[in-house]
Amino acid sequence: MEVKIGVQNVTREIVLESAQSADEVARAVADGLSGQSLDLTDDKGRRVLVPASAVAYVEIGAEESRRVGFGGVGGVV
């Protein structure tokens with residue numbers, strides 16, 4: 001699932017892929033924003049720490065399975 005974090009006074013957002021469910025990410029975000037920092041781990045084990053006071057928004061993507069292949073339509077050319 002894709003998670004986007006907007007940081008105040010920064011033009012680019014932080015984007016990470018998480019193996020957690022939307023509910024788990026939402027709980028982690030709520031816990032982080034009520035404390036000192038937002039602490040999330042992506043699906044490769046990298047940690048992202050953002051001071052809670054600097055978080056502008058958090059967008060949690062819809063849960064969907066990963067697609068494999070090129071997704072082409074039709075037969076072989």
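Heavy-atom basis, side chains included; hydrogens, waters and symmetry copies ignored.
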Which value, rounded to the nearest 0.5 Å, describes the distance between [X] atom [atom1] and [Y] atom [atom2]?
| X | Y | atom1 | atom2 | result |
| --- | --- | --- | --- | --- |
| L16 | K4 | CG | NZ | 11.5 Å |
| E2 | E59 | CD | CD | 7.5 Å |
| S53 | L33 | OG | CG | 10.0 Å |
| M1 | D43 | CE | CG | 11.5 Å |

Keeping the roles fixed (side chain from S37, backbone from D39), state whether a donor-acceptor pair exists under 3.5 Å.
no

Would you say V48 and D42 make side-chain contact, with heavy atoms under 4.5 Å?
no

Does any part of the side chain of L40, heavy atoms only, come nearer than 4.5 Å to the side chain of I5, both counted from C-beta?
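Side-chain contact under 4.5 Å: yes.
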
Taking V50 as the starting point, is it possible to reach V15 by hopping between hydrophobic residues whose side chains are less than 4.5 Å apart?
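No, it is not one cluster - the side chains of V15 and V50 are not joined through contacts under 4.5 Å.
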
[X] versus [Y], closest heavy-atom pair with distance:
| X | Y | answer |
| --- | --- | --- |
| Q8 | V55 | NE2-O, 3.7 Å |
| L38 | V29 | CD1-CA, 3.6 Å |
| G35 | A52 | O-CB, 3.5 Å |

Should we count CD of Q36 as having more than 12 external heavy atoms under 6.0 Å?
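No, the 6.0 Å shell around CD holds no more than 12 heavy atoms from other groups.
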
